[in-house]
Amino acid sequence: MFLENTDVFQQRPDLITIAVDNDKAGLKMIEECQKQNIPIVVDLPPLHDGQTKNDWNDELKFLKNGNDLEPKKGS
């Protein structure tokens, strides 16, 4: 594997950002990277009230409709 032949990821553990959807497939990809000890920064769209998954397109629509970036606590 390429990680065995380089130390770039030890020098820059924040080099790769995984910005996948917050769903089963996205979480599986993150898990696979972590199993292979690939250092990643994870960026997922937040889950809002009642959501079990969220993707970046829906998050952009949510924000475009005037919703706050951060869900309100207790609402």
Side-chain angles (χ1 to χ4, degrees):
M1 181 177 202
F2 72 94
L3 291 179
E4 297 168 356
N5 298 322
T6 183
D7 65 350
V8 71
F9 296 108
Q10 292 172 352
Q11 296 172 18
R12 299 268 325 270
D14 62 344
L15 189 63
I16 301 172
T17 298
I18 301 290
V20 294
D21 294 338
N22 194 346
D23 60 11
K24 188 176 181 179
L27 297 175
K28 182 175 180 171
M29 181 175 178
I30 292 167
E31 183 181 318
E32 289 300 318
C33 289
Q34 291 171 336
K35 280 183 187 177
Q36 295 180 40
N37 294 318
I38 299 172
I40 57 173
V41 175
V42 176
D43 192 6
L44 297 171
L47 295 177
H48 301 286
D49 289 340
Q51 287 185 313
T52 58
K53 62 182 180 175
N54 195 15
D55 66 48
W56 285 109
N57 291 323
D58 289 338
E59 185 62 16
L60 290 173
K61 290 175 193 173
F62 178 83
L63 295 173
K64 186 176 179 182
N65 287 328
N67 295 294
D68 291 334
L69 183 60
E70 293 294 322
K72 291 186 171 86
K73 306 258 182 205
S75 340

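Values below: all heavy atoms of this structure, side chains included; hydrogens, waters and symmetry mates excluded. Numbers for residues simply follow the sequence, beginning at 1.
- In this structure Lys28 satisfies the salt bridge (charged side-chain N to carboxylate O under 4.0 Å, His left out) test with no other residue, sequence neighbours excluded.
- Side-chain N or O atoms of Asp55 include one that pairs as donor or acceptor with a backbone N or O of Asn57 at under 3.5 Å.
- Across all their heavy atoms, Asn54 and Glu59 have their closest contact at ND2-OE1, 2.8 Å.
- To the nearest 0.5 Å, atoms CG (Asp43) and CD1 (Ile30) are separated by 9.5 Å.
- For Lys64, there are no side-chain contact (heavy atoms from CB on, under 4.5 Å) partners two or more places apart in sequence or in a different chain.
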Please output the side-chain donor-acceptor pairs of residues 14-23 that fall under 3.5 Å, not counting sequence neighbours, one pair per line with the distance.
from, atom 1, to, atom 2, distance (Å)
Asp21, OD1, Trp56, N, 3.3
Asn22, ND2, Pro45, O, 3.0
Asp23, OD1, Ala25, N, 3.4
Asp23, OD1, Gly26, N, 2.8

